[in-house]
S.K.: 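Structure below; questions to follow.
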2 protein chains.
Amino acid sequence: MENSDKQRGGRPRAFDPDRALDAAMHLFWEHGYEATSLAMLREAMGLTPPQIYNAFTDKETLFRKALMRYHETEIGFALEALSAPVSTGEAMRRLLLGAAEAYSRPGKPGGCLFVSGALAASPQAQAIADELRTYRKESEAAIAARLAKGKAKGDLPQNLSVEDFARYIAGVMNGMSIQARDGASAEELRVLAQTALAALPA
Amino acid sequence: MENSDKQRGGRPRAFDPDRALDAAMHLFWEHGYEATSLAMLREAMGLTPPQIYNAFTDKETLFRKALMRYHETEIGFALEALSAPVSTGEAMRRLLLGAAEAYSRPGKPGGCLFVSGALAASPQAQAIADELRTYRKESEAAIAARLAKGKAKGDLPQNLSVEDFARYIAGVMNGMSIQARDGASAEELRVLAQTALAALPA
DNA sequence: CAGGTTTCGTATCGATCACTATGGAAAATT
DNA sequence: AATTTTCCATAGTGATCGATACGAAACCTG
């Protein structure tokens, strides 16, 4: 997973692109795509505008790279929970409890970047909002796929709609993201997750 | 609930302030506070900038008035559900099914303005984001109050934390708001709501 | 060393942001 | 009708937006 655009010569960079990207990611996470100005990015990344644009093309590309980095570094719990060799119920439990932890990490913005990044957007940023929705829909599809596997294995009732239940689970996670943003603690999110799990069919 | 600042004389307004406020509310609902520019408002409201500023002071005041109008005209289902003389379980059912309907009305933006209006914000708009969080927290408190009433009446187990369960219900509603924004239909939201209600204690 | 390439720092660019100064027009008050 | 009051339309304000032009500086290759 090499992030580096191999440098073929010329003057070397005076900064670490991954470190800069990390700073940008946290800023986007906190304030969202549009509300994060270049001036804010410039200060947080410790770079001049030409440095940012040379390394990341433009603001939109920078945001997309921040999304990829977020996906790789902050929400591994989801893939782990969905791919672990455990019962379907246990997988859902790990998913929601993992979210409770990931959405309330000390020193990090509350909630999920995929939700906070651009829930509403200007017409100019519609493409970004759509991209985030795609991330959310893919997460929901991954949950549905895991539920379908469980259904095939007999973990779930045959009359259960995996799409419907996945929509519920994804919805709860989205709701947890907002509750986290509103200040809910990790423990409060865990309790919420446990409550939500009570809706699991026997 | 008179909205009109009684006009004491002089040339009368050439437009209907409530109608203009309605257009602004829908625009804020769709794009959020910061991403809605004055140029967009100008066109949607059919007014010139001085007309807007004379009638609504500034963009922030206009948004707050739009919030009040939204509260009065779009989400009456919540107060109705919580104050109806029905069992606590039925009240929660009406609340969530009401949200399913309100968050997916044809011709209206998906989801809830209190969620979409400014989930993330620039430092300059922090006051707006805080105001919206206050609206969300008040909704949650109203749910908790209704649950406490039900608990006192014996509708709910005595060991149930009404704050925790209210946080779950409010979280589900917030999640439904995002699912609505992502294109979920009224029927899909109803199914989500029904699933969430399965977590209700017997 | 020279030639080529890339990034550096400085100083902006035009466009858009929220907002308003100005002066005349229109209606209520006297 | 004269005066007062308010609103109207035009045309802009300074500030900030995302993004760049420019030339010097620092590296690699030959």
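The shown structure was predicted, so the numbers you read here are calculated from the model rather than taken from an experiment. Below, chain A is the first sequence line, B the second, and so on; all start at residue 1.
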S.K.: Any salt bridge linking A/Arg136 with A/Glu140? Criterion: basic side-chain nitrogen under 4.0 Å from a carboxylate oxygen.
M.R.: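 The answer is no: the pair does not qualify as a salt bridge.
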S.K.: Does C/dT20 have OP1 or OP2 sitting under 4.0 Å from an N or O in the side chain of B/Tyr53?
M.R.: no
S.K.: Whole angstrom is fine here: how far is it from CZ in B/Phe56 over to P in C/dT20?
M.R.: 16 Å
S.K.: Report the distance from atom CZ of A/Phe63 to atom P of D/dA19, rounded to the nearest whole Å.
M.R.: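 About 14 Å, once rounded to whole Å.
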S.K.: Please pick, from C/dT7, D/dG18, D/dA19, the nucleotide with the shortest atom-to-atom distance to any side-chain atom of A/Ser37.
M.R.: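 From the listed options, D/dG18 comes nearest.
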S.K.: For B/Lys59 and B/Ser37, indicate whether the former's side chain and the latter's backbone hold a donor-acceptor pair under 3.5 Å.
M.R.: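 A pair under 3.5 Å: no.
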S.K.: Whole angstroms only, please: what is the NZ-P distance between B/Lys59 and C/dC17?
M.R.: 9 Å
S.K.: Nearest heavy atom decides the nucleotide; on that basis, is B/Pro49 or A/Pro50 closer to the 5' end of DNA chain D?
M.R.: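 In this pair, the answer is B/Pro49.
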S.K.: By the 4.0 Å heavy-atom rule, please label A/Thr57 as base, sugar-phosphate, or nothing.
M.R.: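 Contact class for A/Thr57: none.
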S.K.: Round to the nearest Å and state the distance from B/Arg13 atom CZ to D/dC7 atom P.
M.R.: 5 Å
S.K.: Rounded to whole Å, how long is the line connecting atom CG of B/Leu47 with atom C1' of C/dA18?
M.R.: 16 Å
S.K.: Using a cut-off of strictly less than 4.0 Å, decide whether A/Gln51 has a side-chain nitrogen or oxygen near OP1 or OP2 of C/dG9.
M.R.: yes
S.K.: Between A/Glu34 (side chain) and A/Ser122 (backbone), is there a donor-acceptor pair under 3.5 Å?
M.R.: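 Confirmed, A/Glu34 side chain pairs with A/Ser122 backbone.
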S.K.: What's the CG-C1' distance between A/Leu38 and C/dG14, to the nearest Å?
M.R.: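 So the CG-C1' distance, A/Leu38 to C/dG14, works out to 15 Å.
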S.K.: Contact class for B/Ser122 vs. all strands (heavy atom < 4.0 Å): base, sugar-phosphate, or nothing?
M.R.: nothing
S.K.: Given C/dG24, C/dT7, D/dT20, which nucleotide is nearest the side-chain atoms of B/Arg11?
M.R.: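 Closest nucleotide among those given: C/dG24.
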S.K.: Round to a whole Å and report the spacing from CD of B/Gln124 to C1' of C/dC19.
M.R.: 16 Å
S.K.: Measure CE/A/Met40 against P/D/dC17 and give the value in whole Å, please.
M.R.: 9 Å
S.K.: Counting only side-chain heavy atoms from C-beta out, which of D/dC8, C/dT7, C/dT10 sits nearest to A/Thr48?
M.R.: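 My answer, after comparing the listed nucleotides, is C/dT10.
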S.K.: In terms of the nearest nucleotide of DNA chain D, which residue is placed more toward the 5' end: A/Glu34 or B/Phe15?
M.R.: B/Phe15
S.K.: So which atom in B/Arg181 and which in B/Trp29 form the shortest heavy-atom distance, rounded to 0.1 Å?
M.R.: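 Closest approach of B/Arg181 to B/Trp29: NH2-O, 2.8 Å.
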S.K.: Grab the two heavy atoms, one from B/Leu192 and one from A/Arg167, that are nearest each other, plus how far apart they are.
M.R.: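 Looking at all heavy atoms of both residues, the closest pair is CD1-O, 3.7 Å.
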